[in-house]
Q: 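The structure is given below, and queries will be raised subsequently.
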Number of protein chains: 2
Amino acid sequence: MRFQKTTEYAIRVMVFLADHMDERYSANQLHQTLQIPYKYLGRLMQKLSNAGLVEVTQGKQGGYRIIQDLSNIYLSEIVNVVEGLADYGRCVLGFPQCSDENPCSLHKIWKERQESITKMIYDTTLADLQSNGSKKY
Amino acid sequence: MRFQKTTEYAIRVMVFLADHMDERYSANQLHQTLQIPYKYLGRLMQKLSNAGLVEVTQGKQGGYRIIQDLSNIYLSEIVNVVEGLADYGRCVLGFPQCSDENPCSLHKIWKERQESITKMIYDTTLADLQSNGSKKY
DNA sequence: TCTATATTCTACTCAGAGGTAGAAATAAGA
DNA sequence: TCTTATTTCTACCTCTGAGTAGAATATAGA
């Protein structure tokens, strides 16, 4: 029960770029700084740019940066780009129908926890993550 | 961020058998009752029996049942058989070292949630799940 | 002993995650 | 225009999760 590794990479990259708002970073620079496999990172950056989360410059001085307002970029958007958000709205045991009125065995102990996790990813912005002062990317 | 599908199967089977303590069920019966792929279920039952979570009878009237005290079988043991428990003690972004003193970007918003999930699987027994009266397996 | 039914074991397939490699396209600067 | 560095695109690989198929082994009951 974890984010996909690629999602971890994506979050780390976005937080790093959020902390360096005025700078453009090439995939190679990001690779070296964050220890993310270069070619794989390139593909990930394409996904993030296709989704509008980063601005990309092609060519000789190319690279990626964030231009959006950090408080408008939510964790859920990053998670969605990589793995989708289906896991956050589904029954923990996979039943198509599961509710307070028709619960699966784990519903009672899982419901609040799921809501808490879901709230975390939908409510947290890059601005929030920036403000915690972490320098670990 | 979900249990593996096989873990879902395992939990469902164990809860079903917990609710039918006096009966032995063959893999075929479980397959038909719970809509879990037959051959795959057989392999899962082997794992559960190798781990001591179910008692197995071979041969003509063979099958599986739980003989342990339900309040001694924890959700974590079931999760451990299938996917291991590594996810529950690690940094959400995968850093080898992540703590209150040296946190990753998500540490602050993830720590309590992780503890809550971890507590859920380590503290919940089949007896607890039985008592919620669910009949959805 | 034989038959039938069950578990156990082994091997295979496909899809997706994570990753590598190479070619093509883009753009700055000389 | 050419060179260089970058992004973009395409194809390949390995491993694991999920699942199927078949054979071997174990056991009850006739």
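All heavy atoms count here, side chains included; hydrogens, waters and symmetry mates do not. In the text below, chain A, chain B and the rest are named by the order of the sequence lines, each starting its count at 1.
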Q: With 3.5 Å as the limit, what N/O pairs link the protein to nucleotides 27-30 of chain D?
A:
unit_1	atom_1	unit_2	atom_2	d
D/dT27	O2	B/K60	N	3.2
D/dA28	O3'	B/Q61	NE2	3.3
D/dG29	OP1	B/Q61	NE2	3.1

Q: Using a heavy-atom cut-off of 4.0 Å to chain A, what are the terminal contacting nucleotides of DNA chain C, in 5' to 3' order?
A: C/dA17 to C/dG29
Q: Does OP1 or OP2 of D/dG17 have a side-chain N or O of B/T6 closer than 4.0 Å?
A: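 No.
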Q: Return the 5'-most residue of the pair A/S49, B/T7 with respect to DNA chain D, ranking by each residue's nearest nucleotide.
A: A/S49
Q: Looking at B/M120, is its backbone amide N or carbonyl O close enough to the side chain of B/D123 to form a donor-acceptor pair, meaning the two atoms are under 3.5 Å apart?
A: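 Between the backbone of B/M120 and the side chain of B/D123 there is no qualifying donor-acceptor contact (under 3.5 Å).
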Q: Supply the atom-to-atom distance B/L17 CG to B/M45 CE, rounded to the nearest 0.5 angstrom.
A: 5.5 Å
Q: CG of A/L30 versus P of D/dA5: gap in Å, rounded?
A: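 It is 18 Å, rounded to the nearest whole Å.
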Q: Grab the CG-P distance between B/L44 and D/dT20 for me, whole Å please.
A: 14 Å
Q: Could you please spell out the steps behind the side chain to side chain donor-acceptor pair (under 3.5 Å) verdict for B/Y64 and B/S26?
A: CA-CA 6 Å; B/Y64 307 90; B/S26 70; over 6 Å; no
Q: Under a 3.5 Å distance rule, please check whether B/N102 uses its side chain to pair with a backbone N or O of B/C98 as donor and acceptor.
A: no
Q: Indicate, with a heavy-atom threshold strictly under 4.0 Å, whether A/Q4 touches base, sugar-phosphate, or nothing.
A: sugar-phosphate
Q: Are B/H31 and B/I36 packed together at the side-chain level, in the sense that at least one heavy-atom pair is separated by less than 4.5 angstrom?
A: no
Q: Are any of the side-chain heavy atoms of B/L129 and B/L75 separated by less than 4.5 Å?
A: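 Sidechains of B/L75 and B/L129: in contact.
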Q: Near DNA chain C, under 4.0 Å by heavy atom, which residues of residues 33-40 of chain B?
A: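 Only B/Y38, B/K39 qualify.
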Q: Closer than 3.5 angstrom, by distance alone: can the side chain of B/Q68 be matched with the main-chain N or O of B/G52 as a donor-acceptor pair?
A: yes
Q: Can you name the residues that form a ring pair (Phe, Tyr, Trp, His ring centres under 6.0 Å) with A/F16, not counting sequence neighbours?
A: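 Residues passing ring pair (Phe, Tyr, Trp, His ring centres under 6.0 Å) with A/F16: A/H20, A/Y25, A/Y137.
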Q: On DNA chain C, compare the nucleotides closest to B/Y64 and A/F3; which residue's is nearer the 5' end?
A: B/Y64
Q: Mind listing the N/O atom pairs, protein and nucleotides 11-15 of chain D, below 3.5 Å?
A:
unit_1	atom_1	unit_2	atom_2	d
D/dA11	N6	A/R43	NH1	3.2

Q: Can you tell me how far P of D/dG19 sits from NE2 of B/H31, to the nearest Å?
A: 12 Å
Q: With B/W110, which of B/H107, B/E112, B/Q114 fulfils side chain to side chain donor-acceptor pair (under 3.5 Å)?
A: B/Q114
Q: Can you find a pair of side-chain heavy atoms, one from A/Y74 and one from A/T124, that are under 4.5 Å apart?
A: no
Q: Is any side-chain heavy atom of B/D69 closer than 4.5 Å to one of B/T125?
A: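 No - every pair of side-chain heavy atoms lies 4.5 Å or more apart.
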Q: Do B/E8 and A/R90 sit within salt-bridge range, that is, some charged N less than 4.0 Å from a carboxylate O?
A: yes
Q: Between B/V81 and B/T7, is a side-chain contact (heavy atoms from CB on, under 4.5 Å) present by the stated rule, with each step listed?
A: CA-CA 8 Å; B/V81 165; B/T7 305; over 6 Å; no
Q: Show the nearest heavy-atom pair for residues A/P37 and A/Y9, with the distance to one decimal.
A: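 Shortest heavy-atom separation between A/P37 and A/Y9 comes out as CD-OH, 3.5 Å.
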Q: Hey, are A/R24 and A/E55 close enough for a salt bridge, meaning a charged N less than 4.0 Å from a carboxylate O?
A: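 No, this pair does not count.
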Q: Under 4.0 Å from any atom of DNA chain C, heavy atoms only: list the residues of residues 74-82 of chain B that qualify, in numerical order.
A: none
Q: Taking NZ, NE, NH1 and NH2 as the nitrogens, is one of them in B/K111 or B/D100 under 4.0 Å from a carboxylate oxygen of the other?
A: yes
Q: Round to a whole Å and report the spacing from CD of B/E8 to P of D/dA18.
A: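 One finds 8 Å between P of D/dA18 and CD of B/E8, rounded.
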